[in-house]
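This structure is a prediction, so every number in the text was calculated from the model and none was measured. All values below come from the heavy atoms of this structure, side chains included, with hydrogens, waters and symmetry mates left out.
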Amino acid sequence: MTQTDQTEAERLRWLTSQLLVRDADVHATAVAALAEEGDERVVPHLVELLVIDSIANDWEQFGFPAVLRSRDPPRYLELPEVRWPGVRDALASLADPDFDSDHAWVEWETWYSQQEIDPLDGFEEWKLQLYRSYLPPVGGLLDCEPREFDMQGMRWGNCDRSFLAALNGPTFVPGDAVDASGTSEDAEARRDGESDGETPEPYLEDDHVVFGFEIDGTAYAVPRWVLFPHELLNAELDGVPVSLTYCTLCNAPILYDRRVPTGGDADADESGADEADGGDVDVRTFGSTGLLASGNKVMYDEETETLWDQHAGTPIGGETLESDPDLFLDQFAVTQTEWGDWKAEYPDTLALDADTGYGYDYSYYDGNVDFFEHYWNREEIVQPGVRREEGPLPEKASVYGIVADDPDEVWVVSIDDLRESDSGVLEAEIGDRDVVALLDATDDVAVYDAPPGPVERVETDEGDVVLVDGEGFEWQLSRNELRSADGDSRERIPGRHGLWFAFRTHYETAHVLE
């Protein structure tokens, strides 16, 4: 490096340091100077600033969760120094695009995610200081050691733990009590004014998407549109502490066991909570950091402030990563289906009481998931921090994945391909395990250890789904197992939903089962 180059780099670092000074006028001067310098190494700095500046200046349009846009933004976004005048024009002078829509900051993030721009030396520390100063609830979590994430690729998801609050200790009630479809006598009585006023208001229609699961023989249903502004639910159900986590960007509901083994014992069985019952465990309370890694939400636990990959269920920064780097959370199977199908299959199900006490207008999300439909369905829209890549499936394909003993390896089933197949059954091998994947009675994917093949999916005259194995024996489907007439059984293997890009970016190896 020549003396001239060194001097130039030092000047650029000094100018970027001025962007952290708590004075919007100083920011404006530094932004203009950086644009004049014309060095693309400062683009990563300016993209970070553009996101914060855009949201702070237009909370009513860009605040998240959207149901809170009518309220005041967090105080740290209202401060007069949280402004970088001219930052969008500066980016346009340094790079090819010149986005000028109302969502220019989103377009800049999409563009930036496809580039390979090496920032100035010291960028990681600069970004940490930016987040600590201007996004303190986020920066306090991001500033962790050790860490195994890419600081440059970590994105702010225009929220934080102070206003994307987890739904803690919710109440579940009999499904009939909140069924508004008109198919239960309880719901009809309420519409006729016969309710005593002390029971929950019916709100679940047959076509509402719900996340269904079973804990210790009890079925539960959580509607997606109620969970949406929380993205995470912590509860203790039948004595089992669980977290229903939900990444809105990749449409990924995953139900984790909140118990983690102590003493570095990370060899628990992924099929459920049984391993945790036999030894010492810590119970973690999970929340959303407001950060995104490769388009997937980053969780944290309140007990240690460890950062966790929501999709893989692994620690990625902080205390638990240091003490138990190979740990990954046990999970339970989650069904993503419609309320009408879920209650038909599990008539005694409990359902979430929508009177949560959090004061959200959940009806905002009833049939409306805001701009997330674009993230889910439009291939040209790229989630923050995700680099496009050609692969075996479209980026936005809905898939169901199974992880075996290695949290870095996953096997996925394309849900649409399974639905469109003639058989509705897929026989495959996951690691050294023969499995069968099929559509259950709720029209969602279920994966089991396989009976002798080939296996055929059959719908009975009564509308039930059964499997017939290669020897002609019939297997009845239950939530957690296949069972033959002679009492033989095959256990269910819990999996995780999501869009394909979340699997290819959050696991070292992702196999597509065909």
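The minimum heavy-atom distance linking A441 with E345 is given by the pair CB-OE1, 3.2 Å. Contact record, F163 with P65: O-CD, 3.5 Å, taken as the closest heavy-atom pair. The heavy-atom pair separating L321 from T306 by the smallest distance is N-CG2, 4.3 Å. Of all heavy-atom pairs spanning L204 and V210, the tightest one is CD2-CG1, 4.1 Å. Heavy-atom minimum distance, D469 versus P452: CB-O, 3.0 Å. In plain terms, the two heavy atoms of Y256 and L329 that are nearest each other are CD2-CB, 3.5 Å.
For the residue pair Y246 and N251, a side-chain donor N or O sits within less than 3.5 Å of a side-chain acceptor on the partner. For the residue pair E214 / N480, a side-chain donor-acceptor distance below 3.5 Å is found, with atom types taken as modelled. Under 3.5 Å, the side chains of Y134 and E48 contain no donor-acceptor pair of N or O atoms. For the 3.5 Å distance criterion, the side chains of T442 and D444 fail to qualify, holding no donor opposite an acceptor. In the model, S484 has no side-chain atom that pairs as donor or acceptor with a side-chain atom of E474 under 3.5 Å. Using modelled atom types, one finds no donor on one side chain facing an acceptor on the other under 3.5 Å when comparing T245 with E231.
With respect to H208, the ring-ring contact (aromatic ring centres under 6.0 Å, His included) criterion is satisfied by exactly one of W225, Y365, W342: W225.
Side chain of Q476 to backbone of R483: no donor-acceptor contact under 3.5 angstrom is found. Side chain of N158 to backbone of F62: a donor-acceptor contact under 3.5 angstrom is found. Formation of a donor-acceptor pair under 3.5 Å by the R387 side chain with backbone atoms of Q114 is found in this model. With hydrogens and angles ignored, the 3.5 Å screen pairs no side-chain donor or acceptor of R479 with any backbone N or O of A219. Side chain of D324 to backbone of L327: no donor-acceptor contact under 3.5 angstrom is found. With D238 contributing its side chain and V240 its backbone, the two residues share no donor-acceptor pair below 3.5 Å. Side chain of R496 to main chain of V403: no donor-acceptor pair is present (N/O by atom type, distance under 3.5 Å, no hydrogens or angles). Between the S133 side chain and the L130 main chain, no donor and acceptor come within less than 3.5 Å of each other. No donor-acceptor pair closer than 3.5 Å links the side chain of S288 to the backbone N or O of M299. Side-chain atoms of Q152 come within 3.5 Å of backbone N or O of I117 as a donor-acceptor pair.
One finds the CG atom of L142 at 9.0 Å from the CD atom of E124 (value rounded to the nearest 0.5 Å). In this structure, CZ in R284 is found 11.5 Å from OG in S243, a value given to the nearest 0.5 Å. For the atom pair OG1 of T335 and CZ of F213, the computed distance is 10.5 Å after rounding to the nearest 0.5 Å. With values rounded to the nearest 0.5 angstrom, D486 atom CG is found 7.0 Å from F473 atom CZ. Separation of atoms OG1 (T314) and CZ (F328) is listed at 9.5 Å; rounding is to 0.5 Å. Taken from CG in L499 to CD in Q383, the straight-line distance is 6.5 Å, to the nearest 0.5 Å.
In this structure, F503 has its ring center at least 6.0 angstrom away from the ring center of H497. For W108 and W111, the gap between ring centers is short of 6.0 Å.
Taking the six-membered ring where tryptophan is involved, the planes of F172 and Y220 are perpendicular, since the angle between them exceeds 60° and thus also 30°.
Residues Y362 and H230 meet the side-chain proximity criterion, which asks for heavy atoms closer than 4.5 Å. In this structure, the side chains of R457 and E459 come closer than 4.5 Å at one or more pairs of heavy atoms. A 4.5 Å side-chain heavy-atom check between W308 and D301 finds at least one atom pair inside the cut-off. Proximity of M151 to W126: side-chain heavy atoms (C-beta onward) are nowhere separated by under 4.5 Å. Residues C144 and Y300 are not in side-chain contact: their nearest non-hydrogen atoms beyond the backbone lie 4.5 Å or more apart. Side-chain contact between V447 and V436 is absent, with no heavy-atom pair separated by less than 4.5 Å. Under the 4.5 Å side-chain criterion, counting only non-hydrogen atoms from C-beta, W339 is not in contact with D341. The shortest side-chain heavy-atom distance between V386 and R504 falls under the 4.5 Å cut-off.
A salt bridge is absent between R259 and D282: the closest approach of a Lys/Arg side-chain nitrogen to an acidic carboxylate oxygen does not fall below 4.0 angstrom. The existence of a salt bridge linking R224 and E338 is excluded, since no basic side-chain nitrogen approaches an acidic carboxylate oxygen closer than 4.0 Å. Salt bridge present: E491 and R433 bring a charged side-chain N and a carboxylate O closer than 4.0 Å. Salt-bridge formation is detected for the pair R155/E109: a Lys NZ or Arg NE/NH1/NH2 atom is positioned less than 4.0 Å from an Asp or Glu carboxylate oxygen. Look at R161 and E302 and you find no salt bridge, because none of the NZ, NE, NH1 or NH2 atoms lies under 4.0 Å from a carboxylate O.
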Go through it in stages, so that I can follow the logic: the residues are L350 and T218, the test is side chain to side chain contact (heavy atoms under 4.5 Å, CB included), and I'd like the CA-CA distance, side-chain angles, deciding distance and then a yes or no.
CA-CA 8 Å; L350 300 180; T218 301; 3.9 Å; yes
F123 vs T16, test: side chain to side chain contact (heavy atoms under 4.5 Å, CB included). Steps then yes/no.
CA-CA 9 Å; F123 173 78; T16 56; over 6 Å; no
Go through E456 and S423 one step at a time and tell me if the side-chain hydrogen bond (donor to acceptor under 3.5 Å, both in side chains) criterion holds.
CA-CA 7 Å; E456 181 182 5; S423 66; over 6 Å; no
Quick one, V334 with I254, criterion side chain to side chain contact (heavy atoms under 4.5 Å, CB included). Give me CA distance, side-chain angles, the key distance, then yes/no.
CA-CA 6 Å; V334 175; I254 304 173; 5.9 Å; no
side-chain hydrogen bond (donor to acceptor under 3.5 Å, both in side chains) between D309 and Y507, intermediate numbers included
CA-CA 11 Å; D309 184 312; Y507 304 87; 6.0 Å; no
Kindly determine whether I430 and L513 satisfy side chain to side chain contact (heavy atoms under 4.5 Å, CB included), including the steps that lead there.
CA-CA 9 Å; I430 293 178; L513 300 177; 4.2 Å; yes
For the pair H506 and Q310, evaluate side-chain hydrogen bond (donor to acceptor under 3.5 Å, both in side chains) and give the outcome as yes or no after the intermediate values.
CA-CA 10 Å; H506 286 264; Q310 183 265 349; over 6 Å; no
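No more than 12 heavy atoms of other residues, nucleotides or ligands shown are found within 6.0 angstrom of CD on E514.
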